[in-house]
Amino acid sequence: MKQLALIISLLGAAVYGQEAALTQAPAGTPPTQAGPHWRHLSSATGDLPIPGPSTQQTGALVADLDKDGTNDFVISFRQVAPALVWYRRTPSGWDRYVIDTNYLTIEAGGAVYDIDGDGNPDLVFGGDWQSNEVWWWENPYPNFDPNVPWKRHIIKKGGAAQHHDQVFGDFLGTGKPQLAFWNQGAKKIFLAEIPSNPRQAQSWPLTEIFSGQAGEGRNTAYKYAEGMAACDVDGDGKVDLLAGNLWFKHRGGKQFTPIQIGTIGGRIAAGKFKPGKYAQVVIAPGDGVGPLRWYECLGNPERAGDWVGHDLLERDMIHGHSLQVADIDGDGHLDIFAAEMAKWTESAKTPDNPNATAWIFYGDGQGHFRKTVFATGIGFHEARAADLDGDGRIDILDKPYNWETPRIDVWLQGP
């Protein structure tokens, strides 16, 4: 259970925590409402090392990989090598380490967990539409060398391609987390159980737990279902899987019942925004256009009709591929960070969405939110809300997908 608690905290606040005023930013609009003070650092201005040569940056994870008490972060790529880069936190900033020097077509998503049981967090990423593989990387702690890549192992090889989003959780109630992941090419969700000796295993045992649609198809932008999180939705003390616009009730054995929460699927996160037995759920459109809503259950969480949605925006969100839940301002109440992509068409020379906006919705713990604009004109993709400098305050990590890439941005929250 200690391991499960650790992975929940490392998921970049995707479970309970997967935008206030700027005081300094090379791009973006002035604040419209008061909020925390932020210091904006960017590789575009030399504050952080440039990630690498790829202009297609896919995944981002936050974790304390070197166990020094301060979070680091990892960025994944496709298009050209290297496949994975680690930004290791130092007293003066971040040092760049290459985790995998090879060319891999890594998809958005990723997960962190101590897979081999040695006390060190390991990494998981899946292949995109060009790959039928899912991999994990063995943390070499304490022997970190910028010139020595981490050892990569296979979780899945074969079958359909594309694996956009993964999450760890003890969904079977065995006392040991499993890895859930989408396989978009198959339109399925698989549950992978960690082998007894994962370093030697050629693959992991897989169980198909879902097949079908999960909120895609509303318009042409929704090509596939995506999004994953873990949270105790129904308050029974057992972690549940959320994916697309669904949550999954475990029925025993390896049987799950999907229950629809929202009208669309995409990025999904959960937490307690108001008192009550059940968690509330937030869904953003991800790789599409649609509403940004939070949902609460007003009856039985196993009945789709008892989930009621509340709009957070007065307009549709455009490619809202960043969604995080965390107590950003430290007042004891959960807040919501949501942001849009600026560019997703790789062949285009100009942004698809030049006015892309990021927001923070500050919660009061009673189901009410105060909307603030965090930034405009900056592309966000797989952004993470987590403490990045060890001061106990929530910071923001942004890795645009194809906007002004290669690029990394960090907003550090001040006192």
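Keep in mind that what you see is a predicted model, and the values were worked out from it rather than measured. Basis for what follows: all heavy atoms, side chains included, without hydrogens, waters or symmetry-related copies.
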In a check of side-chain contact (heavy atoms from CB on, under 4.5 Å) between [X] and each of [options], which one passes?
X: Tyr362; options: Arg370, His368, His333; result: Arg370
X: Val124; options: Leu61, Val167, Ile155; result: Ile155
X: Trp182; options: His163, Met228, Gln166; result: Met228

Side-chain ion pair, [X] and [Y], N-O less than 4.0 Å:
X: Asp116; Y: Lys151; value: no
X: Glu133; Y: Arg152; value: no
X: Lys238; Y: Asp236; value: no
X: Arg267; Y: Asp165; value: yes

Using side-chain heavy atoms (C-beta onward) and a distance below 4.5 Å, is [X] in contact with [Y]?
X: Arg407; Y: Asp409; answer: yes
X: Gln162; Y: Lys223; answer: no
X: Leu191; Y: Lys254; answer: no
X: Trp129; Y: Tyr224; answer: no
X: Arg78; Y: Glu107; answer: yes
X: Val282; Y: Leu292; answer: yes
X: Pro149; Y: Ile99; answer: no
X: His310; Y: Gln280; answer: no

Could I get the full list of salt bridge (charged side-chain N to carboxylate O under 4.0 Å, His left out) partners for Asp387, not counting sequence neighbours?
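With sequence neighbours excluded, Asp387 shows a salt bridge (charged side-chain N to carboxylate O under 4.0 Å, His left out) to no residue whatsoever.
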From CA spacing to verdict: side-chain hydrogen bond (donor to acceptor under 3.5 Å, both in side chains), Glu382, Tyr401
CA-CA 8 Å; Glu382 295 278 282; Tyr401 166 62; over 6 Å; no
Minimum heavy-atom distance between Pro285 and Ile264, given as atom pair plus value:
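In this case the closest contact between Pro285 and Ile264 is CA-CD1, 3.7 Å.
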State which residues pass ring pair (Phe, Tyr, Trp, His ring centres under 6.0 Å) with [X]; sequence neighbours excluded, sorted by chain then number.
X: Trp86; result: Tyr97, Phe144, Trp150
X: Phe171; result: none
X: His153; result: Trp136

Identify each donor-acceptor pair in which a side-chain atom of residues 201-210 lies under 3.5 Å from a protein atom, sequence neighbours left out, and give them as a table.
residue: Gln202; atom: NE2; partner: Gln200; partner atom: O; Å: 3.4
residue: Glu208; atom: OE1; partner: Lys188; partner atom: NZ; Å: 3.3
residue: Glu208; atom: OE2; partner: Lys188; partner atom: NZ; Å: 3.4

Does Ile50 have more than 12 heavy atoms from other residues, nucleotides or ligands lying within 6.0 Å of its CD1?
no
Can you establish whether the number of heavy atoms outside Lys67 located under 6.0 Å from its atom NZ is more than 12?
yes
Donor-acceptor contact present, side-chain [X] to main-chain [Y], <3.5 Å:
X: Lys176; Y: Gln178; answer: no
X: Ser54; Y: Gln56; answer: yes
X: Trp247; Y: Pro301; answer: yes
X: Glu404; Y: Pro406; answer: no
X: Asn139; Y: Asn120; answer: no

Does anything in residues 302-312 pair up under salt bridge (charged side-chain N to carboxylate O under 4.0 Å, His left out), and if so which pairs, sequence neighbours excluded?
Arg251-Glu302, Arg293-Asp311, Arg303-Asp306
Cation over ring, Lys156 on Phe181, under 6.0 Å and within 45°?
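Lys156 over Phe181 ring: no.
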